[in-house]
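The structure appears below as C-alpha cells.
All values reported here derive from a predicted model rather than from experimental measurement. Whatever order the structure lists ligands and atoms in, that order sets their numbers, starting from 1.
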Amino acid sequence: MPMSLIDADRLWTRLLALAEIGATPAGGVNRQALSDGEIAAWRRVIAWAQEAGMTAATDAAGNLFLTLAGRDRTAPPLLIGSHLDSQPTGGQFDGAAGVMAALEAAVSLGGRGEIPARDIIVVAWMNEEGSRFAPGMMGSEAFTGQRSIESIRGARDADGISVGDALDRLHAAFPDLPHKPLGFPASAYLELHIEQGPLLEAANRVIGVVTGIQGKKTYQVIVEGAEGHAGTLAQAERRDALASFARMASALHAEIGTVDLDIKFTIGRVIVEPNAPSVVPSRVTFSIDLRHPDNAVLDAAGARVATLCESHAAPCAVTVKPLVDAPSNEFDPHLRERIAQAARAQDFSAMPILSAAGHDARHLAKVCPSAMIFIPCRDGVSHVEHEWAEPAHVAAGAAVLARVMTEIVF
Ligand SMILES: [Zn+2]
C-alpha cells in the first residue's frame, strides 16, 4: 500500500475554494439546499471529478453522485460522502469536509491508475441541514425509502417555494446529468464529518470512530388562545397563548430537561402571533428537539411531551404534532474496526465516540453497512461562521477514509 493515499494540500486548497461559494463576511458559509449557491458548488465539484475521469449523475431527490468506475460495473458500489448545504450562518467544514475528503480519496486512487473492483461513488446528499426546507436529510431519506419523493417535493421554504420546484430548477441547471434510480443498491457507506462537539479536542485525539448516533424526536406545538386589547381585556377573561406557552416551557424544561445527564431538551423556535406589544397573543407555535442515546429513556421522555403541554394549556387549547422520530442507531462493527485499524496504521490517535448530532449516515445504516469518521473542530463548535478544523486533522480524516475505502473495494 502506498504511503500517502491522498494529496493533503489539494484537499485543503479545494475545501477553501468551495467555501468561497456562499461565503459570509464573518468567514462562514451560507449555502442553502437547492439554492444558486448549491448549484455553483455542484459545478465546482463536478468539474474536479470530471477532470479526474469520474462521471457525474443525480437522482429524483437531487442527490449528487460522482463515480469512479470499477472493474465490475454491476457490483453494488461503495458510497462515500456527506452534504454540500449549510446553515444560514454555517461554517466551511460541516458537510463540505466529508464530500471533499471523499472526492480526494477517489481522485487520488484514480490518479494512481488503480481501478477498484467495484464503482466508488462520492455522494452529496440533498438538504441535510433542513434550514431552508424542514426537516433535513431529505436526500438520504428519499434514497433509503424513509420518505416518499412526493412528500419531499411538497415541503416549502419560508418564501413558499416548494422542494419540487427547487429540484426541477436544479435538474434544469444540469440538463446533461443522467438520473440514477432512487435508492440503487450500495455495498457500504462511509462518511467523514467534523465532530461538532468537544470530546476529541478534550481527549487530544485526531480520529473519532463513531459508534452510533443518539436518538432524536422533534415536535411542533401550537397553543391557541384569543386576541384581545392589552388595555381593556380583563386578566380573568384572557386566553393568552404566550402565558400558557411560558407555563408549558417551564414544566417541560423542569420535567424532561432534567431526566438525566445525557438528555438534550431544546425549545429553539417560538413564533408569537400577532406579536404586537399591545395585543394579547392569540397563538404560539413552538418547536421541541429532544435527544438521548438510550432509546428507552428517549421514548419515555417523548411520551410525556403531550401530557405536560396539555396539563399547562388552560385556558388555551394545544396540539402537539410529532415530526421526527429517529431512534439511536449503532454503526457497522466491522467498518468501525477497519476505521480504528486504519487510524492505528497511520499513527493517528483515535477513540470511539457517539455522535450527538444527526447525519445522513443514520439513514444509510438502514440499507447497507455504514460508518462514520469524526475529526475535531475547534472548541467543539459548529453551525457557526467561525467553525474551524485544522488542516492536519482534515488530512488525517481523509487519509483514514481513503485507507478504509481502498481496503474494501479491492
Ligand atoms: Zn453536517
Quick one: closest heavy-atom pair of Asp85 and Gly130, and the distance?
OD2-N, 4.3 Å

Nearest heavy-atom neighbours spanning Pro327 and Asp325
CD-O, 3.6 Å

Anything under 3.5 Å between a donor and an acceptor, one on a side chain of residues 202-212, the other on a protein residue two or more places apart or in another chain? List them.
from: Arg205; atom 1: NH1; to: Ala350; atom 2: O; distance (Å): 3.0
from: Thr211; atom 1: OG1; to: Ile353; atom 2: O; distance (Å): 3.2

Ignoring waters, how many N, O or S atoms from the protein are under 2.8 Å from the Zn ion (ligand 1)?
3

What pairs of residues pass the side-chain hydrogen bond (donor to acceptor under 3.5 Å, both in side chains) test when at least one of them lies in residues 260-282, not counting sequence neighbours?
Asp260-His292

With a 3.5 Å cut-off and sequence neighbours excluded, list the donor-acceptor pairs that the side chains of residues 309-317 form with protein atoms.
from: Ser311; atom 1: OG; to: Thr307; atom 2: O; distance (Å): 3.2
from: Ser311; atom 1: OG; to: Leu308; atom 2: O; distance (Å): 3.2
from: His312; atom 1: ND1; to: Leu308; atom 2: O; distance (Å): 3.0

Residue of the set His363, Lys366, Arg362 for which side-chain hydrogen bond (donor to acceptor under 3.5 Å, both in side chains) holds with Gln146
Lys366

